[in-house]
Each structure stands twice: as structure tokens, then as C-alpha cells.
*Asks:* 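What follows is a structure written as C-alpha cells; I'll ask about it next.
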Amino acid sequence: MKNKKGFTTTILHSDRLLKPEFGALHQPIHTAVTWGYEDVNGLIDVFQNKTKGYAYSRQGNPTVTALENKVTQMENGLSTVAFSTGMAAISATISSLLKKDDHIIASSYLFGNTRSIMQTFTEIGIQISFVDVTDIENVKKAYQQNTRMVFVETIANPATQIAALDEIGTFCSENNLLYVVDNTMTSPYLFKSINVKASLVINSLTKYIGGHGNALGGSVTDTGLYDWNNFSNIAPILKEQISPALLGITQIRKRGLRDGGGTLSPEAAHSISVGSETLALRLERTCSNALILARFLEDHQLVKKVNYPGLESHPQHKIASELFDGFGGLMSFELDDKVDCVTFLNRLKIVIKSSNLGDTRTLAIPVARTIFHELGAERRKEMGIEDSLIRLSIGIEDTQDLIDDFTQALY
Ligand SMILES: *Cc1c(COP(=O)(O)O)cnc(C)c1O
């Protein structure tokens with residue numbers, strides 16, 4: 001597009017500009033697994049990366065491409081590969097770019113399943129240091145000769161710590177490190193990782209971008225900032241065929257989709273595309289609901305502590321205000337010892353007891369007994385997770401209904 005339009009306008013008109021058949025406003029759901037060519041040279045050229053085209057749906061599909069384009073536009077990036085889930089995107093990013101004996105510096109507050117897959121990668125020879133990324137000094141101290149990647153999230157789940165995003169970006173670019181930012185909690189509407197010099201941006205499309213709890217998906221976006229000429233793990237065959245800027249994302253597509261097979265279905269891509277049209281509207285309501293509720297909880301006698309970046313009491317409130325266009329929909333809080341968290345949760349009538357987040361509906365979960373149960377008491381303590389901690393993912397309900405629900409349940 002010539003004129004850079006606003007966030008929502010760009011998404012709304014993204015498919016139409018691809019000129020789908022009959023003037024359709026959406027890219028259709030292409031269910032074909034394979035594509036036929038009149039002239040076999042066309043197929044040969046696609047296989048040899050000489051022209052863009054489709055051969056087999058595991059590694060590319062027009063419905064999925066339309067969604068990939070939207071994510072690229074949202075992130076102000078260069079190119080995106082979509083996956084079947086956020087976890088598929090994360091595991092493909094690591095497994096397609098790193099080798100045995102490479103070293104990652106990762107946040108110690110990672111999403112539980114990301115932490116777990118990283119632990120698995122250490123068993124096949126990748127080295128990982130988990131550090132408190134709220135302080136750049138910890139990242140610097142963990143740096144080694146074989147460090148290739150720094151992996152952080154914007155806002156940590158469930159205790160909402162915020163990485164020193166900007167300083168880590170500067171450190172990575174000075175040291176030729178791949179800087180991978182999982183932007184799921186903020187989404188590209190609240191935060192553009194390219195502004196802190198991220199090389200690759202991960203999104204779980206399942207969460208805010210899809211937004212309705214009805215489709216799984218994930219993505220990796222290359223911001224275009226990293227110089228892949230300096231990256232030692234690019235396959236020689238790609239260097240012969242692909243322009244330098246697209247080397248990284250192409251290797252992720254080939255190894256992650258063609259070989260790894262974590263492909264997003266066209267049906268899910270379509271649901272996520274439609275959901276993404278209202279990302280801005282949903283997040284504005286979500287952020288405003290979340291701030292009102294966080295203040296309500298912080299003032300409540302039976303609440304000990306609230307973790308929400310929008311509160312002045314949050315340790316990284318200043319950074320969050322500078323970097324993000326809103327404080328997101330994730331918060332967590334501890335109840336007073338007098339209130340049993342299971343009893344309290346069961347009293348809630350509108351808020352749903354569920355493990356997802358980024359839904360239009362407000363969801364709550366007791367952290368220690370569910371998503372962080374496997375970690376054990378000791379690791380939970382290290383991560384600042386008390387037994388009574390409750391995580392909330394705030395939705396777009398009418399604000400007063402949420403306040404009323406919490407009011408009637410808190411006694
Ligand atoms: C949910 C989540 C993921 C994983 O995404 P799925 O689509 O559920 O596989 C990764 N990172 C973060 C921060 C998440 O919240």
C-alpha cells in the first residue's frame with residue numbers, strides 16, 4: 001500500500017486489495033491441499049523459489065497468506081509465517097534457527113509451556129540461561145560466546161513483570177543476537193516490537209488477535225531489522241536462492257512448516273482474520289475494563305495485592321506507560337488469607353473459570369493449582385506466585401457487570 005493507513009483501516013481492506021474473485025471482501029477459505037499447473041515449468045519454478053506460488057498446502061495456502069499479510073501489516077514487519085498454534089510458532093522458531101551448543105538467554109518468567117519446550121530443547125543440546133529480564137544487567141551477565149538468541153515476553157503471565165524491552169533490544173543489536181519478542185500479551189495494537197529493535201515477533205493468534213476463543217493459531221514475523229548475512233546457521237542452499245532479507249523467515253517456513261508440519265488450517269486462518277478486524281475495538285474496551293477493575297480490587301479490603309501494569313504500584317508502571325499504548329487485559333491478584341480462593345471463584349457468576357486468555361469474555365483461574373501446578377511449590381515461590389494468586393483475563397463485558405460480579409463474590 002502506498003499510503004500507510006491506520007491500524008484498523010489497514011486490516012479491514014487488506015484482503016480486498018488482494019482482489020479475490022467476484023470482488024469478495026474476504027479472501028475465501030481455500031480448502032485445496034494442492035495446486036495444479038498447466039505448464040510444469042510453473043511448478044518447477046515454485047519448487048526452486050524462483051516464483052511465488054502454491055504447491056502443497058502444508059507450506060503455503062492463500063487463505064493463510066492473507067492472514068500472514070495482516071499480521072505483517074499490524075507489526076510493521078517484513079514477512080510472517082503462520083502456524084497451527086502459538087507453541088508451534090515458538091518451537092519452530094527455535095528448532096529451525098538454532099543448533100546443538102547454541103545458547104539462548106530467556107526470561108525466567110516465561111509462559112509455562114514455552115519454558116517447558118525450552119527445557120526439552122536443552123535435552124538435545126541447546127543451552128539456555130533463564131534470567132530475570134526486568135533488569136538488563138542480568139541479560140548482559142548471561143551473555144556467552146555461543147549466545148545466538150534472546151527470548152522475552154512483553155508482559156509476563158501471570159505476575160505481569162515487564163522485560164527491559166528497549167535496553168535488551170539495544171544490547172542484542174550491538175552483539176548481533178537474534179532478539180525474539182513474544183508479543184501475545186500486548187498484541188501489535190498495544191505494542192510494536194520493531195520499536196525496541198526486535199528481530200522476530202511471536203504472536204499466539206489464539207489470544208487477542210483472533211480474540212473470540214474459537215480458533216488456535218500462532219505466527220512469527222520478521223521485522224526486517226536483523227541482518228541474516230551475519231547468521232551462521234542459514235542453510236547454504238537458501239543462500240543461493242533467496243534474497244538476504246528473507247533468509248531467516250524462509251528457513252522458518254521450510255523447516256517449521258514444510259518439515260515440522262505445524263500448519264495452520266485455512267478454516268482457522270479465516271476465523272482469526274475476521275476476529276482480527278476488531279482487535280483495536282476489543283482491546284480498547286478490555287484495557288479500560290481492566291484498569292477500572294484493577295483499581296477496584298486494589299482498594300478492596302479483602303485483596304492483598306494486585307499485579308497490573310496500569311497501576312502506579314506496579315514496579316514497571318513507568319516503562320509500560322512509555323512503551324505500550326494500553327496496559328492490556330491480563331492481571332492477577334492475591335486474596336486476603338481469610339478468603340478461600342476456590343470458594344471465591346465459585347461465587348463468580350459472569351466471570352468464567354477457564355484457562356484461556358485474550359477472549360472477549362472475562363476468565364479467571366487459580367494459578368498455583370492449575371497452570372503452574374506442575375512446577376512445584378519451590379519454583380512457584382521463585383516466580384512470585386502465591387498459593388492464593390488468581391489470574392484474570394479481562395473481556396469486553398459492560399464494566400458495571402464485572403464490578404458487580406466481583407462485589408457480590410468478595411466477602
Ligand atoms: C498462549 C500463549 C502462547 C501459546 O499459544 P497457543 O496458541 O496456545 O499455542 C505463547 N505465548 C504466550 C505469551 C501465550 O500467552
Side-chain angles (χ1 to χ4, degrees), residues 64 67-68 71 75 80-95 104 106-121 130 133 150-163 165 180-191 193 198 200-221 256-257 260-265 267-269 271-273 275-276 279 283 286 290 307 309 324 327-332 354-359 363-365 367 370-372 383 385 391-395:
V64 177
L67 174 62
E68 290 171 342
V71 177
E75 290 286 3
T80 297
V81 184
F83 287 88
S84 54
T85 63
M87 288 317 302
I90 291 168
S91 49
T93 299
I94 296 171
S95 64
I104 305 177
S107 166
S108 55
Y109 306 118
L110 286 180
F111 176 66
N113 304 144
T114 306
R115 168 112 192 176
S116 175
I117 186 72
M118 290 218 179
Q119 219 83 55
T120 305
F121 281 126
F130 293 102
V133 290
V150 176
F151 191 109
V152 302
E153 293 167 358
T154 51
I155 303 177
N157 165 12
T160 72
Q161 298 92 340
I162 294 165
L165 292 160
V180 184
V181 176
D182 182 335
N183 195 23
T184 301
M185 282 313 155
T186 24
S187 92
Y189 182 63
L190 298 182
F191 179 58
S193 307
L200 298 171
V201 189
I202 308 268
N203 280 289
S204 166
L205 305 174
T206 316
K207 311 290 172 52
Y208 292 106
I209 292 180
H212 296 73
N214 63 350
L216 292 163
S219 64
V220 186
T221 301
L257 288 184
T263 305
L264 181 66
S265 77
E267 290 84 357
S271 293
I272 293 165
S273 267
S276 75
L279 175 60
L283 268 175
T286 294
N307 303 308
F324 307 151
F327 301 105
L330 182 87
M331 76 177 77
S332 54
S354 166
S355 76
N356 188 26
L357 46 92
D359 199 300
L363 312 174
I365 191 162
V367 174
T370 56
I371 46 177
F372 283 78
M383 298 178 81
I385 297 165
R391 182 188 80 188
L392 298 177
S393 170
I394 304 302

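Counting convention: from 1, in listed order, for ligands and their atoms alike. The figures here come from the full heavy-atom set of this structure, side chains too, leaving out hydrogens, waters and symmetry mates.
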*Asks:* Keeping Thr184 on the side-chain end and Ser204 on the backbone end, is there a donor-acceptor pair under 3.5 Å?
*Replies:* yes
*Asks:* Go through the structure and list residues passing salt bridge (Lys or Arg N to Asp or Glu O under 4.0 Å) with Glu75, not counting sequence neighbours.
*Replies:* none
*Asks:* The criterion is ring-ring contact (aromatic ring centres under 6.0 Å, His included); which residues satisfy it with Phe324, sequence neighbours excluded?
*Replies:* Phe191
*Asks:* Distances only, to 0.1 Å: what are the N or O pairs between ligand 1 and the protein that fall under 3.5 Å?
*Replies:*
residue  : atom   : partner : partner atom : Å
ligand 1 : 5 (O)  : Ser204  : OG           : 3.0
ligand 1 : 7 (O)  : Gly86   : N            : 2.8
ligand 1 : 7 (O)  : Ser204  : OG           : 2.8
ligand 1 : 7 (O)  : Thr206  : OG1          : 2.6
ligand 1 : 9 (O)  : Gly86   : N            : 3.1
ligand 1 : 9 (O)  : Met87   : N            : 2.9
ligand 1 : 11 (N) : Asp182  : OD2          : 2.7
ligand 1 : 15 (O) : Lys207  : NZ           : 2.8

*Asks:* Quick one: side-chain hydrogen bond (donor to acceptor under 3.5 Å, both in side chains) pairs with a partner in residues 80-92, sequence neighbours left out?
*Replies:*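 Residue pairs passing side-chain hydrogen bond (donor to acceptor under 3.5 Å, both in side chains), neighbours aside: Thr72-Thr80, Thr80-Thr221.
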*Asks:* Donor-acceptor check, side chain of Glu153 to backbone of Leu110, threshold 3.5 angstrom: yes or no?
*Replies:*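 Not confirmed, Glu153 side chain does not pair with Leu110 backbone.
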*Asks:* Any side-chain donor-acceptor pair under 3.5 Å between Asn356 and Ser354?
*Replies:* no
